[in-house]
Amino acid sequence: MLLTTKFLRPATDPKAVQRERLSSLLAPGHPKRLNLVLAPAGFGKTTLVSQWCARTSGPIAWLSLDEHDDDPQRFWQYVASAFEHAGLTGLEPCHKSLSGSTDDSINSAMTALVNALAADGGPWILVLDDFQFAGSDRIHRQLGYFVDYLPAGVTVTLISRSEPPLPLARWRVRRWVQEVHPALLAFSEDECREFFHSTMGMAISDQDVQAICHRTEGWVAALQLSALSGNDSGLEQIKSGADQSISSTALSIDERHISDYVLSEVLDKQPAETVAFLLDTACCPRLCASMCDSIRDTANSQEMLETLLSQHLFLIPLDNHNEWFRYHDLFRDALLQRIAQADPTRAHRLWQRTVDWLLDHGQVQGAIAQIVQNRDWPWLARVLATHGNNLIHGGFHLPVLNWLDELPVDDVKESPQLQMLRVWGHFFANRLDNLEHLLANVEDLLDQRVADSAPDAEGALGVQSEITLIRSYLARSRSDDKNASDLTRQVLAEIDHTQIPLKSVTYYGLGLDDYGKGDLPGAEEALKSAVHYGQVERKPSTVLSSGGLLAWIQYNRGDMDLALETCTEVRKWVDQHYADPSQPRLISCWLSASLTEIFRERNQLRDAAAHLEPLLEHVNKGAEPGQHIIIQHVRGHLAFSDGRYQEAIEYLADAEQVGRKRREHIVFEPPASSALFARCYLAAGQTAQARSILESVESHTLTNPLNREQNSISYARLLVDEGKSEQALDILDALMAAAMHNEHTRHVVEALLVSAEALDQLNRPEECEDRLARAVAVAAEAGFLRLFAEEGPRLQALLMKSLTLNNGGSWQRNLTEMLLSPNSKPIENVPPTASDTNTQGSSAQALAEPLSQRELEVLELINAGYSNKDIAVRMGVAPATVKAHIRNLYGKLDVGRRTEALARARELGILGG
C-alpha cells in the first residue's frame with residue numbers, strides 16, 4: 001500500500017531566497033540525464049529543487065523517500081506510481097511486472113517504465129528526495145541501468161546527503177551529470193543578506209551579514225537558527241567564533257552538535273511559555289492542537305502553533321488549514337536531545353501520552369510506529385493484541401506481520417492471540433500453504449493452556465472459534481462446500497459465548513456459501529448481517545466485501561437501483577470512518593465490479609470504465625487470484641459490450657488461466673468467464689472456438705448454479721448459431737423454471753431472448769413474439785438495457801419488428817434508440833431530475849450528449865476552484881474517478897482545458913456568468 005502524500009512536492013515559501021544561479025544549473029538540456037544535489041541536512045537541497053520545479057513547465061514526478069524504501073520492489077513501485085500520479089500513462093506492464101519480487105521481474109518493470117516514457121515523448125523530470133535512504137546495492141545497480149536507457153528529454157534529479165555508488169565517472173565523461181554540491185548550495189553573501197533582510201525581516205548591517213556568512217559558510221539551517229537567536233549578542237557570539245563547534249569541519253561532520261549549539265541560543269531567547277511548548281511537543285512526530293492540548297493538559301495549543309508558524313520556528317504545515325504540522329527534523333532532534341538531557345522522566349511521560357492520544361484517536365499505526373521506534377516490546381504486544389485484528393481487517397495485514405516479527409520470538413510463541421494474528425495476516429496475504437501448520441501450533445498451545453489451568457484458559461474457546469472460521473475458508477478453497485458450511489455454522493452457534501469480534505466475517509462466509517449454491521435470497525440475508533456486524537466491529541474491509549457481493553447479487557437478481565444504493569451506502573460508511581488522507585483508499589473488488597456492471601448494463605459505458613479503473617491498478621500490482629478473475633471478467637464484459645471482442649478475449653483468457661492454475665487459493669467460485677468467453681468468439685464469427693471453450697469446461701467444477709446457467713445459455717446460443725434450435729430450446733426450457741424460482745432475473749431475460757431466436761428459426765412466430773414480450777417486460781422492470789445490444793443482429797431485428805417496443809414508456813424508447821444506433825455514444829438511462837432540467841435547459845440542444853449529474857457536480861467544483869484531489873474528497877470517490885468524469889466532461893463540451901470547459905459551460909448556460 002503506497003502513501004500518495006510522498007508524491008507531493010513541498011510548497012515553496014514566497015519569501016524564500018530565489019536562487020536563480022542554481023536553478024539554471026538544474027534545467028534540462030542535451031545530453032544531461034542526471035542532476036545530483038548533494039549536501040548534509042539543512043543546506044536547502046529540497047527547497048532549491050522545489051523552487052526550480054515550481055518554475056518548470058514540463059511534467060514532474062516527485063517522490064520523497066524514507067527509511068522504509070530500502071527495498072527494490074517497494075522502491076520501484078513508488079517510482080512507477082510517482083510517474084503515474086504525475087500523469088504518465090501506459091504503465092500497466094510495469095505494475096504487472098512489479099507484482100513479482102525477483103531481479104528479473106524488476107528489470108522487466110524498469111524496461112516497461114522506460115518504454116512508457118519513450119512512448120509518451122514528453123520532457124519528464126523525476127525527483128527522488130532523500131535518496132540516501134535507498135542504500136541497497138540492488139537499487140543502485142537498477143537505477144544505473146534505468147538512467148543508461150532513459151529516452152532523450154527525461155531528467156532524473158537525486159537529492160541526497162551522500163554521494164550514491166552510481167557509475168558517475170562514466171556518466172561525467174559523457175556529460176550526463178550536473179552536480180550541485182555543498183559549496184554551491186551554501187548561501188553567497190548576497191543571498192545571506194537577502195535572507196536576513198527579506199525572509200527573516202531583520203535589519204542587520206552588511207558587516208554583520210558578511211561576518212555571519214563567513215562563520216557559518218552559508219549553511220542555511222545555521223543561518224536560520226542564528227537569525228532566530230533574536231538579538232545582537234547572539235549574532236555577536238556567532239560572528240566572533242566564540243564556540244568553535246560551528247567551524248566548517250564541524251558543519252560537514254557533526255550537524256547535530258552544531259544545531260544543538262545554535263538551538264540553545266534560540267531557546268534562551270524565547271519566552272518561557274514558547275520554550276516549554278517546544279520541548280513538551282518534540283515527542284510528537286506530527287502535531288495538531290488537540291494532541292498538544294492533551295499531552296500538555298492545556299487549551300492554547302492552536303494559538304501556540306500559529307505563533308510558531310509566524311515566527312518561522314521550523315514548523316512545517318502539513319495541510320492548507322493550519323491543523324496539522326511537523327517540526328523540521330533537525331530542529332526536532334535537537335529539542336528531543338535537550339528535553340532528554342534536562343528531564344528524562346518527563347520526556348518519557350510525554351512520549352507515553354503522545355502514544356496514548358494516537359491510540360485513543362484511532363491512529364493506531366502512528367502509535368505503533370512510535371512504540372517500535374522506542375523498542376517497547378511489551379506495549380507493542382498489548383497494542384497488537386487489542387487492535388491487530390481490526391488492522392488486519394482494515395487492509396493492513398502486511399504491516400501487522402512485520403510488527404509481529406519485531407517482537408521477541410518467545411513472546412509470540414506463548415500467546416495464542418498473537419499467533420492467531422499471524423494466521424489472519426497470512427490468510428489475508430493469500431499465503432494459504434502454511435496455514436495448517438500455523439493453526440496446529442495454536443491448537444497445541446491452547447491445549448497446553450487448558451491443561452495447565454492458565455489464567456486465560458477461558459479465552460481458548462474464542463481462539464478455537466477463530467481457528468474453525470479460518471478452516472471454513474480453507475475448505476472453500478478446496479471446493480469442500482459442505483465442510484465449509486458446517487464449520488461456519490458451528491462458529492455462528494458459538495460466537496455469542498466467545499466475545500470475539502468476528503460475526504461479520506462469519507456471516508460473510510455464510511453469504512459466500514449461499515451464493516455458491518445459487519440461493520440468492522439466503523445469501524442476501526447473510527450478507528446484510530455481515531455488513532451490519534462489520535460496521536459494529538469496525539471492520540471496513542469486511543463491510544466493503546460483504547456489501548460488494550450483496551450488490552452483485554442484487555444486480556443479478558434485477559434490483560439495480562437497490563444494488564447502486566447498497567454500493568453508495570457502504571462506500572459512504574467506510575469513507576466516514578476510515579478517511580485518513582495519508583493512507584490509500586480502501587477498495588473492494590466486489591463493490592467496484594458491481595458498479596462497473598451496473599453502469600455498463602445501463603449503457604453508461606464511460607461511468608462503467610471509471611469504476612473499473614481502480615481495479616486495473618489493483619490487478620496490475622498482483623491481486624489475489626479470486627479478485628483477479630472477477631476484475632478480468634468485468635473488464636472483458638465491458639470490452640465485449642463495447643464491441644472490442646479481441647480485447648475481451650485476452651482478458652477472459654487470462655481469467656480462465658488464473659482460475660485453473662490457482663483454484664486452491666480461491667475461497668469462492670468466481671464468475672464463469674467461459675460463458676462470456678464463448679460469446680466473444682460467437683460474436684466474432686468463430687463458432688469452432690466457442691464450442692471448444694464450452695466443451696472444455698468440466699461441469700462438475702461449476703458448483704454455483706449461476707455459473708452453470710451462464711454456460712448453458714451460452715451453449716444454447718451456440719446451438720442456435722449452428723441451426724440446432726430444438727436442442728437449444730430443450731436446454732433453455734429446462735433452466736428457465738429454476739432461474740425464475742431462484743430470482744436469477746438476468747438469466748431469465750437472456751434465456752427468453754435466445755429461445756425467441758430459436759423459435760423464429762423454427763418458424764413459430766407467435767411463440768417467438770410471446771418470449772420477446774416477456775423478456776422486454778422482465779428487463780424493463782429490472783432496468784436491464786445493454787444486454788439487448790449484446791445480442792446478435794438477427795435477434796435485434798426481431799425486437800425492432802416486435803409490437804412490444806411500440807407500446808411502452810421511456811425504457812422502451814431508450815431501448816429502441818439504442819438498437820437503432822448501436823455504435824453511437826451511450827444513452828443516459830437515468831430519467832432527468834428537476835435539477836438536470838433546470839441546469840441544462842436550453843443547453844441540451846447545443847450538446848450532442850447531455851452532462852450527467854456527476855459531471856455537473858464536477859463542473860461546479862471546478863468552477864469553485866477545487867483541485868482534482870479536493871474534488872475526490874468532497875465527492876467521496878477515487879481521484880481516478882474524478883479524472884474519468886473530467887475526461888467525459890471535456891469530450892462532451894469539446895474542450896481540452898479547465899478554463900475552456902468553464903467558458904463553454906457559461907456560453908451554454910450550464911453555469912452562471
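- Under the side chain to side chain contact (heavy atoms under 4.5 Å, CB included) criterion, S105 pairs with T102, not counting sequence neighbours.
- A side-chain N or O of R55 and one of S23 form a donor-acceptor pair less than 3.5 Å apart.
- For the side chain to side chain donor-acceptor pair (under 3.5 Å) test, residues two or more places apart in sequence or in another chain that qualify with D206 are R193.
- In this structure, F83 and F146 have tilted ring planes: the angle between them lies in the 30° to 60° band.
- Within the 4.5 Å cutoff, side-chain heavy atoms of Q142 are placed close to those of W76.
- The side-chain heavy atoms of T157 and L128, taken from C-beta on, include no pair separated by under 4.5 Å.
- Counting heavy atoms from C-beta outward, W171 and D148 have side chains that approach closer than 4.5 Å.
- Looking at H140, its side chain never comes within 3.5 Å of a backbone N or O of P167 through a donor-acceptor pair.
- Between L26 and L48 the shortest side-chain heavy-atom distance falls below 4.5 Å.
- Inter-residue side-chain proximity for V37 and H181 is flagged as unmet; no heavy-atom pair is nearer than 4.5 Å.
- The aromatic rings of F7 and Y78 stand perpendicular to each other, their planes meeting at an angle above 60°, with 30° marking the opposite boundary.
- Residues S136 and D70 approach most closely at N-OD1, 2.6 Å, considering heavy atoms.
- Y327 has its side chain within reach of L287: a pair of non-hydrogen atoms, C-beta onward, lies under 4.5 Å apart.
- Between T155 and P28, the shortest heavy-atom contact is OG1-CB, 3.7 Å.
- Donor-acceptor pairing under 3.5 Å is recorded for the side chains of E84 and H95.
- Of the options L98, L117, L113, a side-chain contact (heavy atoms from CB on, under 4.5 Å) to L91 is made by L113 and by none of the others.
- The number of heavy atoms from other shown groups lying within 6.0 Å of CZ (R175) does not exceed 12.
- Contact annotation: the side chain of T111 never approaches that of Y149 to less than 4.5 Å [non-hydrogen atoms, C-beta and beyond].
- Of the possible polar contacts, one joining the Q18 side chain to the A16 backbone as a donor-acceptor pair under 3.5 Å is found.
- Heavy-atom minimum distance, L184 versus E179: CD1-O, 3.8 Å.
- Here I106 contributes atom CD1 and Y145 contributes atom OH; the two are 12.5 Å apart, rounded to the nearest 0.5 Å.
- Contact annotation: the side chain of R635 approaches that of L612 to within less than 4.5 Å [non-hydrogen atoms, C-beta and beyond].
- Counted by atom type alone, W52 and N35 present zero donor-acceptor pairs between their side chains at under 3.5 Å.
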